[in-house]
Structure formats: structure tokens, C-alpha cells
Amino acid sequence: MSSSTLYIAPINTDVLLSEAEKENLYLKLIEQINKDFNFANEAIDLSLDIQPEELKSALHEKIYRLIQYKFAEYLNLLYIVDVPEDQVKKLDGSDILELSKQVAFLVLKREWMKVWFRNKY
């Protein structure tokens with residue numbers, strides 16, 4: 001089994017997004033994010049030509065607003081995306097800006113995992 005068929009969780013958002021581009025799965029990642037956010041009734045409407053930096057900040061901003069103003073919807077989104085609850089509980093919630101950045105990464109990581117596995121198997 002070659003290393004490219006083994007799923008390795010990216011260590012941060014930038015690594016994840018460059019990995020997605022390298023594997024030609026960046027568009028699928030955007031589609032997956034849009035799909036799950038729509039399913040959670042919290043449309044994010046990312047355009048398919050969005051740059052990785054913009055994607056990162058759009059996701060961060062959306063999650064920040066959900067935590068701040070629509071907490072029940074935020075929890076529902078995490079459930080729909082299937083972000084592991086224990087990972088969220090480990091985060092420090094004292095700084096909402098930092099928390100939303102970390103949650104955005106967890107969301108991205110989970111979406112990437114879905115796309116990656118669907119592509120491989």
C-alpha cells in the first residue's frame with residue numbers, strides 16, 4: 001500500500017487546502033462544504049473559483065457568526081458535518097475568535113476526509 005492511499009489528517013488549514021489542490025479535489029471540497037451547509041440550512045455559497053485564503057476566511061467568518069448569534073444552528077451544523085464532539089470539547093472556548101478559527105479547521109478537516117475517501121474508494 002503506497003502512502004498516497006493512506007488518509008493522513010492535515011495538521012492545519014493551509015496544508016489541507018494545498019493537499020486538496022494537489023489531489024485535484026479542491027472543487028469537490030468546496031461542493032461538499034456548500035452541500036453540508038445548505039443541508040444544515042446555513043448556506044455559505046462558496047463560488048467554485050474561490051481562492052484557498054478566501055475560503056479559509058469565509059468559513060471562519062461564517063462559524064464565528066454562528067457561534068456568536070445562532071448557537072443552536074452552529075451545533076446543528078457540527079452535527080450535519082459530523083465533526084467529532086470530543087474534538088470540539090477539547091477546544092478553549094474563552095476566545096470566540098480563536099474558537100471559531102479552530103472549529104472552522106475541524107469542519108474543513110471533516111469535509112476533506114469525506115471528499116478524500118469518496119475519491120479513493
Criterion side-chain contact (heavy atoms from CB on, under 4.5 Å) on L25 and W112, from CA distance to verdict:
CA-CA 9 Å; L25 294 173; W112 169 238; 3.7 Å; yes
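- Minimum interatomic distance between A40 and I80 (heavy atoms only, all atoms of both residues): CB-CG1, 3.8 Å.
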Q68 and I96: CA distance, side-chain angles, deciding distance, side-chain contact (heavy atoms from CB on, under 4.5 Å) verdict:
CA-CA 8 Å; Q68 196 80 313; I96 294 179; 3.1 Å; yes
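- Within the 4.5 Å cutoff, no side-chain heavy atoms of L66 are placed close to those of L75.
- Across every non-hydrogen atom of P52 and Y26, the tightest pair is N-OH, 3.1 Å.
- Listed here is the closest heavy atom pair of A20 and L29: CB-CD2, 4.1 Å.
- When the shell of 6.0 Å around CZ of F117 is examined, it contains more than 12 heavy atoms from other residues, nucleotides or ligands.
- Counting all heavy atoms, side chain and backbone alike, H60 lies closest to S100 at NE2-OG, 3.0 Å.
- Between the side chain of N76 and the backbone N or O of A72, no donor-acceptor pair lies under 3.5 Å.
- Taking a 6.0 Å sphere around CD of E85, one finds it holds 12 or fewer heavy atoms contributed by other residues, nucleotides or ligands.
- The same ILVMFWY cluster, assembled from side-chain heavy atoms under 4.5 Å apart, contains both L16 and L27.
- You'll find the side chain of K56 stays beyond 4.5 Å of the side chain of K101, heavy atoms only.
- Look at K28 and E23 and you find no salt bridge, because none of the NZ, NE, NH1 or NH2 atoms lies under 4.0 Å from a carboxylate O.
- Hydrophobic clustering (ILVMFWY, side-chain heavy atoms < 4.5 Å, transitive): Y64 and F105 are in one cluster.
- Put simply, the side chain of E42 reaches to within 4.5 Å of the side chain of K70, judged on heavy atoms.
- Ring geometry for F71 versus Y74: interplanar angle of 30 to 60°, hence tilted.
- To the nearest 0.5 angstrom, S57 atom OG is 7.0 Å from I50 atom CD1.
- To the nearest 0.5 angstrom, Q102 atom CD is 12.5 Å from N12 atom CG.
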Between L48 and E31, is the side-chain contact (heavy atoms from CB on, under 4.5 Å) condition met? List the steps.
CA-CA 8 Å; L48 292 178; E31 288 167 355; 3.8 Å; yes
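- Salt bridge status for R65 with E61: present, with a side-chain N to carboxylate O gap under 4.0 Å.
- Looking at residues two or more places apart in sequence or on another chain, you find a salt bridge (charged side-chain N to carboxylate O under 4.0 Å, His left out) between E19 and K22.
- F39 and L108 end up in different hydrophobic clusters when Ile, Leu, Val, Met, Phe, Trp and Tyr side chains are linked at under 4.5 Å.
- Separation of atoms NZ (K109) and CD1 (I11) is listed at 10.5 Å; rounding is to 0.5 Å.
- Smallest separation of non-hydrogen atoms from A58 and L46: CB-CD2, 3.8 Å.
- Applying the salt bridge (charged side-chain N to carboxylate O under 4.0 Å, His left out) criterion to K114, with sequence neighbours excluded, gives D36, E111.
- There is a path of hydrophobic side-chain contacts, each under 4.5 Å, that joins L106 to L97.
- Taking CD from E54 and CD from Q51, the interatomic distance works out to 6.0 Å, rounded to the nearest 0.5 Å.
- By the criterion of side-chain heavy atoms lying less than 4.5 angstrom apart, applied directly or through intervening Ile, Leu, Val, Met, Phe, Trp or Tyr residues, Y7 is grouped together with V83 in one hydrophobic cluster.
- When all heavy atoms are compared, the tightest approach of I33 to L59 is CG2-CD1, 4.2 Å.
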